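Input: a single structure, listed below in structure tokens.
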Amino acid sequence: TTLALAGSPYAVAGDLTVAPGVTLSIAAGVTLTFATTDVMGAGLDTNRAELLVAGTLLADATPASPINLTSASPSPGTWYGLELLASATGSTIDNVVVSYPVRGLNLAATGANALSAITVQSASQYGLYASAGAPTVDGFVAISAASIGALIDAAASLTLTNCVLRNNGGYGIQFAPTAAARALTVTNCSINANGSYGIRSLAGSAGTVTVTNSIITNHTSYGVARSDASTVTTSYSDVWNNATANFLGGAQSNVIAANPLYVSPTNLRLTSNSPARFGAMGGGDQGALPYLTDATPGLYGTLWVPTTLALAGSPYAVAGDLT
């Protein structure tokens, strides 16, 4: 089945299931609007509509023309979300925006699926929930989930690269599998202002958490916390302004604690004088959104290029450390 742009938006009255061996293709720019009730009365939530993939979903869009999965009522938790079930395989999900779900991206598949540039906004529970397999998600964004940006549970491992998790109500990431030897890998991510914890390891059975080249800032408790027997390592990262402490347990190497100088609290791109520039392993910028052209709006931070302070501009106000 193909959902073409010409028919968009598509109203989905209840659970829409892609059966094993079947492919659903969704064209770039298409919107699916899910009802706030479930005419099917089935799925993981019998009261909410869901997109359940047991076969293959080809939702390959572009930044300029994303695919939108949203609710008929713009309120968090009014539909359930996008689910890759255990048998789902061969899917490509790229440049898809999921709005107002309970759980935005539910990952239970053990097969290979290509997942990138998926944004979940205003979920009533989780931006991403992984319960099986070992998926890699590149460019995942979770904004304003009521609970957790990304939860790793049950028998899942997860790799997140270039992710942005901000303003989620509880944690940025919770690593809580019950199966042994699961792993969480976080690389080049920006994790900001997610309630109490940036990343918390709370596994029922010890696993491994590896955080590299990332920025973790502005949480009311800890930046990176180990609350279990897992091995937690943070390196080449900026972990700053987490109110209780930046770290609870774990090991750290080549980390800094400095204001990364974002463009704004909702735009986590780095500005010109950010101390997180060039701090990643290999010399790149830390976080998901490296410096492009945004100038730091004042004389503070790290000067990365030769700079002259002329008499004509004196006196100069210096609002913070100038390095």
Side-chain angles (χ1 to χ4, degrees), residues 1 3 7-20 22-24 26 30-57 59 66-88 91 93 96-110 113 115 118-133 135 137 140-156 158 165 167-171 173-174 176-178 194-195:
T1 301
L3 300 181
S8 181
Y10 293 88
V12 185
D15 299 337
L16 182 62
T17 302
V18 183
V22 173
T23 297
L24 170 64
I26 305 176
V30 163
T31 295
L32 275 66
T33 302
F34 290 81
T36 59
T37 55
D38 182 7
V39 70
M40 299 303 296
L44 298 182
D45 189 324
T46 58
N47 296 311
R48 292 177 173 85
E50 308 162 56
L51 178 52
L52 300 138
V53 181
T56 300
L57 174 63
I67 292 165
N68 289 283
L69 308 179
T70 190
S71 172
S73 176
S75 181
T78 45
W79 73 291
Y80 199 78
L82 168 59
E83 300 155 26
L84 295 188
L85 303 180
S87 60
S91 295
I93 304 174
V96 172
V97 179
V98 183
S99 302
Y100 310 114
V102 175
R103 300 177 178 180
L105 181 62
N106 291 262
L107 301 176
T110 56
N113 298 283
L115 309 172
I118 301 168
T119 296
V120 177
Q121 50 196 14
S122 300
S124 65
Q125 279 190 354
Y126 315 129
L128 182 156
Y129 178 83
S131 59
V137 187
F140 178 72
V141 177
I143 301 170
S144 300
S147 183
I148 297 171
L151 173 60
I152 300 88
D153 197 9
L158 180 67
L165 307 173
N167 304 108
N168 298 295
Y171 306 162
I173 302 174
Q174 180 175 320
T178 54
N194 297 286

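These numbers were taken from a predicted model, which means no experiment stands behind them. Reckoned from all heavy atoms, side chains included, excluding hydrogens, waters and symmetry mates.
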#### Entry: All side-chain contact (heavy atoms from CB on, under 4.5 Å) counterparts of Val12, not counting sequence neighbours
Leu16, Leu32, Phe34
### Message
Donor-acceptor check, side chain of Thr56 to backbone of Thr23, threshold 3.5 angstrom: yes or no?
### Response
no
### Message
If I compare all heavy atoms of Thr33 with all of Pro9, which pair ends up nearest, and what's the gap?
### Response
OG1-CB, 4.4 Å
### Message
Going by ring pair (Phe, Tyr, Trp, His ring centres under 6.0 Å), name the residues that satisfy it together with Tyr126, two or more places apart in sequence or in a different chain.
### Response
Tyr129
### Message
When you measure from the side chain of Asp38 to the backbone of Met40, do you find a donor-acceptor pair of N or O atoms at a distance under 3.5 Å?
### Response
yes
### For Gln125, all residues meeting side-chain contact (heavy atoms from CB on, under 4.5 Å), sequence neighbours excluded
Val102, Arg103
### Query
Between Ser122 (side chain) and Ser99 (backbone), is there a donor-acceptor pair under 3.5 Å?
no
### Closest contact, heavy atoms only, Ala145 versus Gly127
CB-N, 3.9 Å
### Message
How close do Gly43 and Asp15 get, counting heavy atoms only, and between which atoms?
### Response
N-OD2, 3.4 Å
Considering only distance and modelled atom types, tabulate donor-acceptor pairs under 3.5 Å from the side chains of residues 70-77, sequence neighbours left out.
from, atom 1, to, atom 2, distance (Å)
Ser71, OG, Ser73, N, 3.0
Ser71, OG, Ser73, O, 2.8
Ser71, OG, Thr78, OG1, 2.6

### Query
Of the non-hydrogen atoms in Asn113 and Ala109, which two are nearest, and what is the gap between them?
ND2-CB, 3.7 Å
### Task
Using the test ring pair (Phe, Tyr, Trp, His ring centres under 6.0 Å), find all partners of Tyr80 that sit at least two apart in sequence or belong to another chain.
none
### Query
Taking it one step at a time, do Ile152 and Ile173 satisfy side-chain contact (heavy atoms from CB on, under 4.5 Å)?
CA-CA 8 Å; Ile152 300 88; Ile173 302 174; 3.7 Å; yes
### Query
Quick check: does any side chain N or O of Gln121 sit under 3.5 Å from a backbone N or O of Val97, one acting as donor and the other as acceptor?
no
### Message
I need the minimum non-hydrogen distance between Ala142 and Gly149, along with the two atoms involved.
### Response
CB-O, 3.8 Å
### Summary
All heavy atoms of Val98 vs all of Trp79, minimum pair found to be CG1-CZ2, 3.6 Å
### Task
Could you check Leu57 against Leu82 for side-chain contact (heavy atoms from CB on, under 4.5 Å), going step by step and ending with a plain yes or no?
CA-CA 10 Å; Leu57 174 63; Leu82 168 59; 3.9 Å; yes
#### Entry: Donor-acceptor contact present, side-chain Asn194 to main-chain Leu165, <3.5 Å
yes
### Message
Do Ile93 and Ile118 make a side-chain contact, defined as non-hydrogen atoms from C-beta onward lying under 4.5 Å apart?
### Response
yes
### Message
Please determine whether side-chain contact (heavy atoms from CB on, under 4.5 Å) holds for the pair Ile26 and Val96, giving the CA-CA distance in whole Å, both sets of side-chain angles, and the decisive distance to 0.1 Å.
### Response
CA-CA 10 Å; Ile26 305 176; Val96 172; over 6 Å; no
### Message
Under a 3.5 Å distance rule, please check whether Glu50 uses its side chain to pair with a backbone N or O of Glu83 as donor and acceptor.
### Response
no
### Task
Could you please spell out the steps behind the side-chain contact (heavy atoms from CB on, under 4.5 Å) verdict for Val120 and Leu128?
CA-CA 8 Å; Val120 177; Leu128 182 156; over 6 Å; no
#### Entry: Listed partners of Ala54 passing side-chain contact (heavy atoms from CB on, under 4.5 Å), at least two apart
Pro20, Leu85, Ser87
